[in-house]
Amino acid sequence: MRRPRPRFVPRSEFGITAALAVLASAAAWFRLPPTTQQTVWAEDGTIFLNDAISGAPASHLFAGYAGYLQLLPRLIADGVIRTVDIADAGIMINLASCAVVGLGASLVYWCARDVIAARPLRLVLCSITVLAPLAPIELLGNAANLHWFFIWITLWILLYQPRTRIGAWMLAIVTLIGAMSEIQVLVLVPLLLVKVRGLNVWPPRIGLAVGLVAQIITTLLSPRVAHAGGLGGALRAYVGQVALPNFAANRQTMTAALREQALVWEVLAIVPFVLSVLVCLRWGSTLQRVAALYLVPGSFVIWVVDSYLNGYGGSPIHHAPFVFIRYAVIPSMLLLASIVLAAQVLASRRAPIAWIGTAAVAALVVLMVVQYIPTETNRSNGPTWANAIGAARKSCESSASGMDQLVVTAPRTKTALWTFPISCERLAK
């Protein structure tokens, strides 16, 4: 496939992209309730902060965890521990994570231009990065789940033809860090087969390839233990976990919808996205068709592989009360993006067909705005990091033994899996 010769980007786009990075970072942060903003999530404490506290500087950055590399979360944890008081580490690691997602949103805006030319539509597309209804429940505001966003960001980078050599190598750094933080970008490798011309397309591809080689080596040296679930359950759960929550990211609403007339609600939920991919395949350019296949069928593949390999095999039709699962977030974002892509394709058609795309995007914007503040997150009940560190410091002061203090982070479980010890000597710094 030959792409059209890229035109240089107007200067105004640089200012818009920079402003978007700031605004999207703030939007991601303020979606999180105050307790969530201050709560350390799972691996952020037990693995990343723990290694940053106990190890030598940068000694752990390329250490494998659960079978793969997580470079960016380790970089963030290491930087936070070495720049702020340990009591502030929780809020800072979450703030930094929101900033990364905000930067990712601005990259999506910049890189989507070869597929979605209209600036207003690209603004809506990039807003999905931070405004997707499912995002704040577990993914936004923690480093442990930043890796998921690289599937979304890298997709748009690979669909883009950089205009300058400097820009191409800057994107190569992003794809390298992304691939060394998220092994699942393997699903994007087929995009490397898309024929292009010009040397500027190669740096991002080289970055992706180098990162994936590092991931594969790590996986071979320390394989991840797979917890295969029921494939049938993973297939059945797709619409109920991925498509339907885009319209109502609320556990009570989802439980009710999947108990009564579940089939009706699930059909209504998936129809807009099926129609979107059909529109793109019928009237879109070759590149738009490739993108459409990644957005809708790709969404299904990513969900099924993740949920199956991680042991999730329950059908949401019989799942009560309903529980949101993080494997659904990126697939749900890909579905939402298909609406924007279809609107771009329909924009070239005559009225009133073109207006259908505009109306669909307007409905998408309303849908995201009304769900901006989540009803709850998986960290809504804490415990907050600053309080945990404060209690540990008081315990050190009242005890002459100087024993290590056990710090508990979210999520709280009966097995107390998400805890780690901090020495009184370190807490006194």
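Here the structure is a predicted model, which is why all the values come from computation and not from measurement.
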Any side-chain heavy-atom pair from Phe420 and Ile47 closer than 4.5 angstrom? no
Taking Ala249's backbone N and O only, do any of them form a donor-acceptor pair with Thr253's side chain (distance below 3.5 Å, no angle check)? no
Classify the ring geometry between Tyr327 and Trp148 as parallel (under 30°), tilted (30 to 60°) or perpendicular (over 60°). tilted
Can you find a pair of side-chain heavy atoms, one from His147 and one from Pro73, that are under 4.5 Å apart? no
Of the non-hydrogen atoms in Arg326 and Leu139, which two are nearest, and what is the gap between them? CB-CD1, 3.7 Å
Would you say the rings of Phe14 and Trp110 are close, in the sense that their centroids are separated by under 6.0 Å? yes
Close side-chain approach of Cys98 and Leu32, heavy atoms under 4.5 Å: yes
Looking only at heavy atoms, what is the nearest atom pair of Thr377 and Pro33, with distance? CG2-CD, 3.9 Å
Tightest non-hydrogen contact, residues Val115 and Ala291, listed as CG1-CB, 4.0 Å
Where Pro136 and Ala132 come nearest, the two heavy atoms and their spacing: CD-O, 3.7 Å
Is there side-chain contact between Leu295 and Leu155, with heavy atoms separated by less than 4.5 Å? yes
Looking only at side chains, do Ser181 and Gln70 share a donor and an acceptor under 3.5 Å apart? no
Where is the tightest heavy-atom contact between Val80 and Met92, given as atom of each residue plus distance? CG1-CB, 4.0 Å
Between Thr175 and Thr154, is a side-chain hydrogen bond (donor to acceptor under 3.5 Å, both in side chains) present by the stated rule, with each step listed? CA-CA 6 Å; Thr175 57; Thr154 306; over 6 Å; no
Student check: side-chain heavy atoms of Asn94 and Trp41 closer than 4.5 Å: no
Begin with the C-alpha distance, continue with both residues' side-chain angles, and end with the deciding distance and a verdict on salt bridge (Lys or Arg N to Asp or Glu O under 4.0 Å) for Asp114 and Arg163. CA-CA 11 Å; Asp114 289 341; Arg163 274 52 170 175; 2.9 Å; yes
When you look at CG of Leu278, are more than 12 heavy atoms from neighbouring residues, nucleotides or ligands closer to it than 6.0 Å? yes
Are Thr39 and Thr36 linked by a side-chain donor-acceptor pair shorter than 3.5 Å? no
Hey, are Arg113 and Glu13 close enough for a salt bridge, meaning a charged N less than 4.0 Å from a carboxylate O? yes
Between the side chains of Tyr238 and Ser299, does any donor sit under 3.5 Å from an acceptor? yes
Atom of Ala168, atom of Asn200 and distance for their closest heavy-atom approach: CB-O, 3.1 Å
Stepwise salt bridge (Lys or Arg N to Asp or Glu O under 4.0 Å) test for Arg74 and Asp78: CA-CA 6 Å; Arg74 291 186 179 278; Asp78 198 79; over 6 Å; no
Ignoring hydrogens and angles, state whether a donor on the side chain of Thr129 or Trp152 is under 3.5 Å from an acceptor on the partner side chain. yes
If you apply the rule salt bridge (Lys or Arg N to Asp or Glu O under 4.0 Å), what do you find for Asp85 with Arg393, and how did you get there? CA-CA 13 Å; Asp85 182 83; Arg393 281 175 167 166; 3.3 Å; yes
